[in-house]
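For reference, the structure discussed in these notes is given below.
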Amino acid sequence: MELFPRERSDPAPGVVHLPDWLGPAEQRELVEACREWARPPAGMRTVRMPGGGEMSVRSFSMGWHWYPYRYARTVVDGDGAPVKPFPPLLGELAVRAVAEAYGDRAAQVAGAVGYAPDIAVVNHYAHGTHMGLHQDREERADAPVVSLSLGDGCVFRLGNTETRTRPWTDLELRSGDLLVFGGPMRFAYHGVPRTLPGTADPALGLTGRLNVTVRQSGLD
């Protein structure tokens with residue numbers, strides 16, 4: 001497995017990894033916020049795929065409700081409640097993330113200038129869960145995706161834009177890490193083949209891994 005050092009890296013065009021981007025206090029604040037957001041109605045749920053299988057991670061959304069493979073304003077595959085509003089906290093974090101990731105290069109990345117996120121999808125990885133390679137294609141905007149890691153570390157697999165097969169690059173993401181992918185890799189296949197149980201800071205009070213992804217929908 002190819003692992004990048006614990007310093008800023010650009011593992012592919014349009015992809016930026018900033019380790020330890022969130023400090024311990026910010027991580028705790030975000031974990032507590034996720035606990036509140038995950039409460040019903042429109043809370044954490046198990047996602048059922050069109051073929052009848054269930055995703056091993058549990059998920060909830062804000063701003064727009066994601067379900068395979070579209071968005072809605074209500075939890076149509078769950079309790080039917082209206083989706084929770086997109087939190088200003090995540091909007092501020094995501095705008096800052098894109099600005100810090102791309103810096104002077106922002107004008108060269110589609111959607112980075114004037115980034116206006118309005119969707120959050122939060123996934124909880126219990127021990128032993130994973131996520132297969134997939135594309136985030138339900139949005140009507142090609143603006144970057146912001147991904148924040150909390151709790152246990154994981155192996156994040158960054159694939160290519162054409163197929164679920166190689167070439168791919170494996171990155172180790174730890175709690176507090178920021179990953180932004182946009183530009184030519186905005187629609188790359190990506191996934192989490194495994195988590196690294198027991199690697200979270202006990203002070204977080206979190207079992208497993210939380211992944212907070214923030215996106216710009218382009219939806220009306």
Side-chain angles (χ1 to χ4, degrees), residues 14 16-45 47 57-67 70-76 78-103 106-107 109-125 136 138-151 173-183 186 201 203-206 208-220:
V16 180
H17 176 208
L18 295 177
D20 305 316
W21 189 72
L22 292 175
E26 289 179 299
Q27 292 178 49
R28 289 192 296 269
E29 178 186 8
L30 193 49
V31 168
E32 288 305 314
C34 285
R35 285 198 177 99
E36 291 302 314
W37 295 330
R39 298 182 189 279
M44 188 75 78
R45 79 202 196 288
V47 180
V57 303
R58 302 189 73 222
S59 176
F60 69 93
S61 305
M62 294 176 290
W64 285 88
H65 173 71
W66 179 87
Y67 67 108
R70 65 196 75 182
Y71 285 109
R73 285 297 194 185
T74 60
V75 186
V76 294
D79 61 11
V83 68
K84 291 183 172 74
F86 180 71
L89 169 63
L90 291 184
E92 293 165 5
L93 279 175
V95 168
R96 177 163 64 94
V98 168
E100 293 185 16
Y102 295 124
V109 179
V113 176
Y115 186 57
D118 59 345
I119 297 171
V121 179
V122 180
N123 294 313
H124 178 250
Y125 293 75
D136 295 339
E138 290 72 50
E139 301 79 34
R140 295 180 186 169
D142 55 2
V145 174
V146 171
S147 174
L148 296 167
S149 295
L150 298 165
L173 300 182
R174 300 181 190 174
S175 192
D177 283 10
L178 165 67
L179 187 74
V180 179
F181 56 98
R186 167 59 178 82
D201 182 350
L204 275 181
L206 175 62
R209 174 180 186 257
L210 279 177
N211 177 223
V212 181
T213 64
V214 181
R215 312 168 187 179
Q216 182 172 329
S217 72
L219 300 169
D220 297 327

[atom2] on [Y] to [atom1] on [X], rounded to 0.5 Å:
X	Y	atom1	atom2	value
S175	D201	OG	CG	7.5 Å
L148	E26	CG	CD	9.5 Å
L210	N123	CG	CG	9.0 Å
L150	L173	CG	CG	11.5 Å
L178	R96	CG	CZ	9.0 Å

Can you list the residues that meet the side chain to side chain donor-acceptor pair (under 3.5 Å) rule with [X], with sequence neighbours excluded?
X	value
Y71	E139, R215
R28	none
S61	none
E138	W66

Where do [X] and [Y] come nearest, in terms of heavy atoms and distance?
X	Y	result
V212	C34	CG2-SG, 4.0 Å
P41	D79	CA-OD2, 3.5 Å
N211	S147	ND2-OG, 2.8 Å
V180	A97	CG2-O, 4.2 Å
V95	P117	CG2-CD, 4.0 Å

Problem - Note, I119 side chain near V214 side chain (heavy atom, < 4.5 Å) - result: no
Problem - V145 side chain reached by R186 side chain, heavy atoms, under 4.5 Å - result: yes
Exercise for the section: Given side-chain contact (heavy atoms from CB on, under 4.5 Å), test R45 with S59 step by step and report yes or no. Expected result: CA-CA 5 Å; R45 79 202 196 288; S59 176; 3.9 Å; yes
Going by salt bridge (Lys or Arg N to Asp or Glu O under 4.0 Å), name the residues that satisfy it together with [X], two or more places apart in sequence or in a different chain.
X	answer
R39	E36
R209	none
E92	none
E32	R35

Is there a donor-acceptor pair closer than 3.5 Å between any side-chain N or O of [X] and the backbone N or O of [Y]?
X	Y	result
Y102	A107	no
D118	S217	yes
Y115	P144	yes

Problem - Intermediate values then yes/no, side-chain contact (heavy atoms from CB on, under 4.5 Å), V83 and W64 - result: CA-CA 6 Å; V83 68; W64 285 88; 5.7 Å; no
Exercise for the section: Could you pull out all residues at least two apart from F60 that satisfy ring pair (Phe, Tyr, Trp, His ring centres under 6.0 Å)? Expected result: none
Completion exercise
By side chain to side chain contact (heavy atoms under 4.5 Å, CB included), A116 pairs with (sequence neighbours left out) Q216
Handout entry: Which residues share a side chain to side chain contact (heavy atoms under 4.5 Å, CB included) with A33, sequence neighbours left out
Key = W37, L89
Exercise for the section: Test side-chain contact (heavy atoms from CB on, under 4.5 Å) on Y67 and V47 and set out the steps. Expected result: CA-CA 7 Å; Y67 67 108; V47 180; 5.6 Å; no
Handout entry: Flag for S149-D177: side-chain donor and acceptor within less than 3.5 Å
Key = no
Exercise for the section: Step by step, work out the side-chain contact (heavy atoms from CB on, under 4.5 Å) result for L30 and L90. Expected result: CA-CA 9 Å; L30 193 49; L90 291 184; 3.7 Å; yes
Identify all side-chain donor-acceptor contacts of residues 18-25 below 3.5 Å with residues at least two apart in sequence or on another chain.
{"residue": "D20", "atom": "OD1", "partner": "R6", "partner atom": "NH2", "Å": "3.0"}
{"residue": "W21", "atom": "NE1", "partner": "E100", "partner atom": "OE1", "Å": "2.7"}

